[in-house]
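One structure is given below, encoded as structure tokens.
The structure presented is a predicted model; accordingly, all values stated were derived computationally and were not measured.
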Amino acid sequence: MSEESRSGAEHARLVLPELKLDDLLTELQTRLEAARSTRDRVHALLEAVVTIGGDLELATVLRRLVEAATTLVDARYGALGVVGDGGEHLIRFVTTGMSDEEIKAIGHWPRGEGILGLLIREPHSLRLADLTEHPDSAGFPPNHPPMRSFLGVPIRVRDEVFGNLYLTEKAGGGEFDEEDEVVVTALATAAGVAIENARLYEETRRRERWLEASAEISTALLSGTDPHEVIDLVARRAREIADARLSSVTLVDEAGGDAVLEAADGVGAPRLRGMRIPMERSVSGRVFAEGAPLRLADGSAAVQGAGAPPGLPVGPLLVVPLGTGTSARGAITVINPPGGAVFSEETQRLLEAFAGQAAVALELADRRRDTERLVLLEDRDRIAKDLHDTVIQRLFATAMGLMAAIKIAQRPEVATRVQRAVDDLDDTIRQIRSTIFALQAPPDEESLRSRVRVLVDAAAERLGFAPSVRLAGLLDTAVDDRIGEQLLAVVREALSNVARHARATEASVRIEVGDDLTLRVEDDGAGIPEGAAGGGLRDMRERAENLGGSLSTRARPGGGTILVWRVPLKDVGDESGEKEGGETPSDQARSSMPRM
């Protein structure tokens, strides 16, 4: 071997170890970088787990979970679909990576078709280089951003699939690898515990709101709060219990065959209050008739078909009956907007329990008011009997004695004074009889007697003083609705004339029911000018003449005006044949005198 050959071989033996050492160092550096990357990923995973479990609000937990998953695998878009109770469709969809404008342009969130539906049916991890090439792909809706690479991982809570994590568009245009799948699966496993805790916390808080709402409604009803205010409270508390955007309480008017929306709370509530919908078209009417709740993932078609206001945003819907069986009154409805959370079976159970409690409280309040009304009527009946059997009889006897004394009185002034005392007793007896009939009449705010008093009280503000009122006779039983409405119109017009023209300081309204209905309005004002024939007087006269009656006016002694409006009545009298304000001692004395 030549010297040159030996020198080359020696050099080769020296260079070869150096090359092997470089390769070893490069491999070591690569492994160190991989270990460092794994360490960073583990730290990021641990940090994500701590972040997810640091809150008990379910919505916050789900939002943080999606954000953490997209960060861990460098995905552009991430979403979490919550599977419904039936395990077939998505009832909630939380997304990240898309702007509000993009979300609005897409419209409805997916309900679980295509690749998403495959993950619901077969809950296991799924990695795809291009999801559009998968045979189960259903394509994208209009305005949806393009997506290719895909990673889907199920989330389990107590061995049940709660939902699925969806990650798309790996950063740099690459594909999700096995390591990405392992990391997201680990995150989903840890998230299951956090989600279960958040669900338990949410359920506990919802039950607390249910108990508080039930107690508040029962207390309000039993303390005498107006039922309309309580129904408003029921609507507000139902919306809070169900965590809904809009709620309403519908009461059924079986006589009219309509469902009446008595109360509403939330977005669009003012447009719903007071609506009347035929029972056969109303969703609430159907629930009331069938006695079974109704839960829909999309209630827009059902609500719009019932005649709801146009443009009302309706998505998931839940309707439960307000009471059961014969005690049912209507229904409670809660609504979320399109794309909002679908109401769960647990929410339905809570709302049913709340509606049952509210119905019982309303029924108890009605029975309590009936009992109070019965006690009041019995007490008034007792007072009326005492007045009739004791006070009137004694006054009657006293007046009869005075009538007899008139015949034997020697001096004219004595007879005059006795006659004046008899007249006063006659007037007192008539007033007591009027009080008796008022006590015996039911305390109905819509009675004619009550409406007259309300009308006179309302006129006091314009007059500047309160007119005196005297109502004598069977005003609520002998006067029919047609004549009653005319009477109210004449009282209103007569007091309006006094307020506008008379400049009076006092006035009186007296209504007597006998064979005729007589209205007498007096004032101490300036009187009616000669030749006056204003529209008000003409209208009152026409009302009387249309009923076969008359109107007259005359000057009042001492100044002022007396207006008398009189119309005939038929079948006046109570069951015993006695008229209120009937015969007085003077009447009996006159009828017993011999006719000349």
Side-chain angles (χ1 to χ4, degrees), residues 30-55 58-83 90 92-99 102-103 106 109-110 112 114-120 122-134 136-137 140 144-157 161-195 198:
T30 301
R31 292 188 178 184
L32 285 174
E33 289 177 355
R36 187 181 298 110
S37 175
T38 302
R39 181 202 63 185
D40 293 341
R41 272 203 160 185
V42 170
H43 286 170
L45 177 61
L46 291 175
E47 184 179 352
V49 170
V50 172
T51 301
I52 292 170
D55 202 292
L58 183 59
T60 304
V61 170
L62 299 181
R63 171 66 61 183
R64 289 180 178 178
L65 174 57
V66 177
E67 293 172 349
T70 54
T71 301
L72 284 173
V73 298
D74 292 330
R76 182 177 180 182
Y77 302 109
L80 189 154
V82 180
V83 180
L90 299 178
R92 194 169 185 174
F93 205 76
V94 182
T95 185
T96 185
M98 298 176 65
S99 65
E102 289 176 311
I103 294 173
I106 294 172
W109 288 116
I115 300 296
L116 306 188
L118 176 63
L119 278 172
I120 294 175
E122 302 175 10
H124 55 75
S125 301
L126 178 64
R127 277 190 294 126
L128 300 172
D130 188 349
L131 60 87
T132 61
E133 296 180 356
H134 194 278
D136 286 327
S137 177
F140 297 110
H144 197 286
M147 296 179 181
R148 299 180 67 83
S149 56
F150 176 85
L151 172 60
V153 176
I155 303 171
R156 287 181 169 83
V157 176
V161 176
F162 171 80
N164 294 293
L165 269 172
Y166 312 113
L167 303 164
T168 61
E169 291 299 285
K170 177 81 171 180
E175 300 177 13
F176 295 104
D177 55 26
E178 185 177 355
E179 188 176 343
D180 292 332
E181 183 179 336
V182 171
V183 170
V184 175
T185 301
L187 178 64
T189 302
V193 178
I195 290 172

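- The salt bridge (Lys or Arg N to Asp or Glu O under 4.0 Å) analysis of residues 184-195, with sequence neighbours excluded, yields no pairs.
- Among residues two or more places apart in sequence or in another chain, the salt bridge (Lys or Arg N to Asp or Glu O under 4.0 Å) test is passed with Arg127 by Glu181.
- Salt-bridge formation is not detected for the pair Lys170/Asp177: no Lys NZ or Arg NE/NH1/NH2 atom is positioned less than 4.0 Å from an Asp or Glu carboxylate oxygen.
- Under the side-chain contact (heavy atoms from CB on, under 4.5 Å) criterion, Pro123 pairs with Pro154, Arg156, Val161, not counting sequence neighbours.
- Heavy atoms only, all atoms of each residue included: Thr96 and Glu67 are closest at OG1-CG, 4.2 Å.
- Ser149 contributes a side-chain N or O that, together with a main-chain N or O of Glu169, makes up a donor-acceptor pair within less than 3.5 Å.
- Applying the side-chain contact (heavy atoms from CB on, under 4.5 Å) test between Ile155 and each of Leu62, Asn164, Leu65 identifies Leu65 as the sole match.
- Considering only heavy atoms from C-beta on, Leu128 comes within 4.5 Å of Leu126 through its side chain.
- For the pair Gly81 and Phe93, the tightest heavy-atom approach, listed with the atom from each and the gap, is CA-CD1, 4.0 Å.
- Thr95 places a side-chain N or O within donor-acceptor distance of the main-chain N or O of Gly78, the cut-off being under 3.5 Å.
- Partners of His144 according to the ring-ring contact (aromatic ring centres under 6.0 Å, His included) rule, which considers only residues two or more places apart in sequence or in another chain, are Phe140.
- Closest heavy-atom contact between Thr185 and Ser125: OG1-OG, 3.6 Å.
- Here the shortest heavy-atom pairing between Ala188 and Val153 reads CB-CG1, 3.9 Å.
- Between Phe176 and Asp74 the shortest side-chain heavy-atom distance does not fall below 4.5 Å.
- Checked by atom type and distance alone, the side chain of Ser137 never pairs as donor or acceptor with a backbone atom of Glu133 at under 3.5 Å.
- Under the 4.5 Å side-chain criterion, counting only non-hydrogen atoms from C-beta, Leu72 is not in contact with Val184.
- When the side-chain contact (heavy atoms from CB on, under 4.5 Å) test is applied to Thr168, the partners found at least two apart in sequence or on another chain are Tyr77, Leu131, Met147, Phe150.
- Annotation: the span from Leu80 atom CG to Leu165 atom CG amounts to 5.0 Å, rounded to 0.5 Å.
- Across all non-hydrogen atoms, the minimal contact from Gly152 to Leu119 is CA-CD1, 3.9 Å.
- For Arg148, the salt bridge (Lys or Arg N to Asp or Glu O under 4.0 Å) test picks out Asp130, with sequence neighbours left out.
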